[in-house]
Amino acid sequence: MKLCPHCLSPLEGQRDHCPFCGKSLANRNPAGTLAFASLLGGRYILGRFVQADGEGVTYEGADNTTGQRVMIREYLPVTLAQGRVEGRLEPKPGREVLFKTNRMDFADLYRTLARITPATGLVTVLDVVEENDTVYAVTEVCKGQTLERYLESRKSPLSPAEARSLMQPVLEGVAALHKEGLVHRGISPETIFILQGGKACLGGYATLGLRTRGSELKEKLFEGYSAPEQYAPEQFAGRYTDVYALAAVFYRILTGTAPLPAPQRLVRDSMPTAREMERDVPGYLSAVLSRAMRLAPAERVQNVPELMGVLASQNAANVMLDREERAETGPRRKGRGQPQYALLMTVLVLICILLMVLCWIFLQRGGVSQEQPSGGGPASSTVQSEVYVPNLVGRSYEEVNSDPEIASHFRFYVVEHRYDSDTQPGDILEQNPAAGQPVNENALISLVISQGPHLVEMPYILGFTKENAEAELNSRGIAFSMLTLANDGSYVSGCVADVDVAAGTEIDVGKVIVNVYIADDRNQEIIGNQPTPTPEE
């Protein structure tokens, strides 16, 4: 039994037209794709061809078991596949290994997505089928329109509050992907769908090759939303790649204009800020988006939870921006921002290098002469120079990066910025290779840099129910302890009666535990006519 791809009515035998809706069942899908009304995996009926890209082909379809409409994505890379032989997909000669490797990546991606979806803000992957020497991913149908079409239909941009509300599910969905070690790389108004009811949902899943220029696949990038590192295959894409795209989508929502493409910005970055494009965008929000869309990955907001925090709270945004401003302007107060200082540093570095070369030549000559046998024969050994990694942990990154002695031997790459309650912003928390390891000259040392304490504004929760108070504190990452407060009738039972940290206070979430007092049921025993807090079981 099969279903009509048009009306989902059951079909018996071979037919040219559906007896229920009257529509044709003839194959009109393009050559090289699966035939219309063919059966996949003994369960799914193929509908019409929707679109193709460098990674594969997408079809409409239906689940014969449940009667549910679905979308079916077939792995069919145009640069690696030769065509179909008796229904099986054949790789091009000499491309067999790449074909199979990318097919494995495709299958692994969608199996992971099938495991973590349904999830907030993500299109659900229902099934993964291996057949015809290729792989098919079955996903739910997004009943709505793309964000691009939605924005085009509006006469004015969304307000910041509307934008945050609309994009919140997508932000949570991307955070869930990152938690599983996945990076989307294709976030744009074309891959975000506005469903019935107004909620946003992210689709457009793809493997690395489709979202990287110069890969073995014919890439599909989104101008204005794809990050700079996606245009250079030698550069690494990480969570900050999706942060760039999310910020770019917010820029589009708030200003009504797409951001400039990354390659254009790399030549000359003349992109206006969001506030310059739309005066109703608050200054702090415009500054946050500018930072999240910086061309250098290490200078951006590094992860989605941090982006969510600074987009939702002006106080959190100001803390981040003030910390960044201090880090940038601090060295200038010492004169490092002056051109004369830069010239002086260049001369000093050259002098240091020259002195080291002269010392090395002197030591080489001295070492050889001391090791010469008394008979004047050849030296028994040669002097070898080794460079050992210094201990950088605990030192300021600015100090280390400007030290001529260290800079002459090593190069640095900041792989992560991390909150740490016990260090100053800009201090080095971790290094790799570790101190004392022998390495070659100009070795690359990866660093984890402290952002200092993670300061969060205490929300107002007096009068909240216990459940709502817990949800509010958890959303901000605040550690707390719930205590029961004896109730003489002055408080609403089960609600927050007191908190030991005032609302609006900035607290270090890495150190502070907030005590929240929940009013007990009325007529509880009162000791000395005073409410007595007791630990809640």
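Here the structure is a predicted model, which is why all the values come from computation and not from measurement. Computed from heavy atoms alone, side chains included, the values below leave out hydrogens, waters and symmetry copies. Heads up: numbering here begins at 1 and tracks the sequence.
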- Between Y205 and Y110, what is the ring plane arrangement, given parallel below 30°, perpendicular above 60°, and tilted in between?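 The arrangement is perpendicular - the two ring planes meet at more than 60°.
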
*Should the ring pair F236 and Y240 be called parallel, tilted or perpendicular, given that the plane angle runs from 0 to 90° and is split at 30 and 60?*
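Taking Y240 first and then F236, their aromatic rings stand perpendicular (interplane angle over 60°).
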
Any donor-acceptor pair under 3.5 Å from [X] side chain to [Y] backbone:
X	Y	value
T191	G204	no
R275	V281	yes
T112	D108	yes
D500	N515	yes
R300	R294	yes
D520	A486	no
S165	E162	no
R476	E457	yes
H409	A443	no
D420	T423	yes

Heavy atoms, side chains only, cut-off 4.5 Å: are L158 and L166 in contact?
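Of all side-chain heavy-atom pairs linking L166 with L158, at least one is under 4.5 Å.
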
Check whether any side-chain heavy atom of Y397 sits under 4.5 Å from a side-chain heavy atom of D427, and report yes or no.
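A side-chain contact under 4.5 Å is absent here.
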
Partner set under side chain to side chain donor-acceptor pair (under 3.5 Å) for R149, not counting sequence neighbours: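 Partners of R149 by the side chain to side chain donor-acceptor pair (under 3.5 Å) criterion come out as none, since no residue qualifies.
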
Subject >> Qualifying residues under salt bridge (Lys or Arg N to Asp or Glu O under 4.0 Å), relative to E306, sequence neighbours excluded >> reply: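 If we apply the salt bridge (Lys or Arg N to Asp or Glu O under 4.0 Å) test to E306, skipping adjacent residues, there are no hits.
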
Who are the salt bridge (Lys or Arg N to Asp or Glu O under 4.0 Å) partners of E276, not counting sequence neighbours?
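E276 satisfies salt bridge (Lys or Arg N to Asp or Glu O under 4.0 Å) with no other residue.
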
Hey, are [Y] and [X] close enough side-chain-wise for a donor-acceptor pair under 3.5 Å?
X	Y	answer
T58	Q51	yes
N102	E216	yes
D508	S421	yes
E229	T241	yes
Q431	S446	no

Would you name the heavy atoms of [X] and [Y] that are closest together and state the gap between them?
X	Y	value
M458	I461	CE-CD1, 4.0 Å
S481	I513	N-CG2, 4.0 Å
P259	Y251	CG-CD2, 3.8 Å
A469	V496	CB-CG2, 3.7 Å
M482	E470	CE-CG, 3.3 Å
S226	A262	O-CB, 3.7 Å

query: Within a radius of less than 6.0 Å around CZ of R154, do more than 12 heavy atoms belonging to other residues, nucleotides or ligands occur?
result: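 Enclosed.
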
query: Are more than 12 heavy atoms from other residues, nucleotides or ligands located less than 6.0 Å from atom CD of E506?
result: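 Yes - once you tally the heavy atoms of other residues, nucleotides and ligands closer than 6.0 Å, there are more than 12.
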
Practice task
Considering only NZ, NE, NH1 and NH2 on the basic side and carboxylate oxygens on the acidic side, decide whether D422 and K511 come within less than 4.0 Å.
Solution key: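 Salt bridge between D422 and K511, a charged N being under 4.0 Å from a carboxylate O: yes.
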
Table please: side-chain donor-acceptor pairs of residues 116-125 below 3.5 Å, with sequence neighbours left out.
from	atom 1	to	atom 2	distance (Å)
T117	OG1	L113	O	2.5
T117	OG1	V125	N	3.1
T124	OG1	E140	OE2	3.3

* Asked: A497: what forms a side-chain contact (heavy atoms from CB on, under 4.5 Å) with it, not counting sequence neighbours?
  ->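 side-chain contact (heavy atoms from CB on, under 4.5 Å) list for A497, sorted by chain: L485, Y491, A519.
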
Original post:
Please walk me through it: do R265 and M293 pass side chain to side chain contact (heavy atoms under 4.5 Å, CB included)?
Top reply: CA-CA 11 Å; R265 295 184 62 202; M293 293 179 65; 4.1 Å; yes

Q68 vs L126, side chain to side chain contact (heavy atoms under 4.5 Å, CB included): CA-CA, chis, key distance, verdict: CA-CA 11 Å; Q68 176 184 4; L126 303 170; 3.9 Å; yes

Stepwise, does the side chain to side chain contact (heavy atoms under 4.5 Å, CB included) test hold for L195 with C142?
-> CA-CA 7 Å; L195 308 180; C142 293; 3.9 Å; yes

Sequence neighbours left out, cut at 3.5 Å: what donor-acceptor pairs do the side chains of residues 167-180 make with other protein atoms?
from	atom 1	to	atom 2	distance (Å)
Q168	NE2	E172	OE2	3.0
H178	NE2	D242	OD2	2.8
E180	OE1	R115	NH1	3.3
E180	OE1	R115	NH2	3.2

Margin query: Before you tell me yes or no, could you show the steps for V439 and Y388 under side chain to side chain contact (heavy atoms under 4.5 Å, CB included), namely the whole-Å CA-CA distance, both residues' side-chain angles and the distance that decides it to 0.1 Å?
Written below: CA-CA 6 Å; V439 294; Y388 293 90; over 6 Å; no

Can you list the steps and then say if K220 with E55 is a salt bridge (Lys or Arg N to Asp or Glu O under 4.0 Å)?
CA-CA 9 Å; K220 182 179 181 181; E55 180 187 67; over 6 Å; no

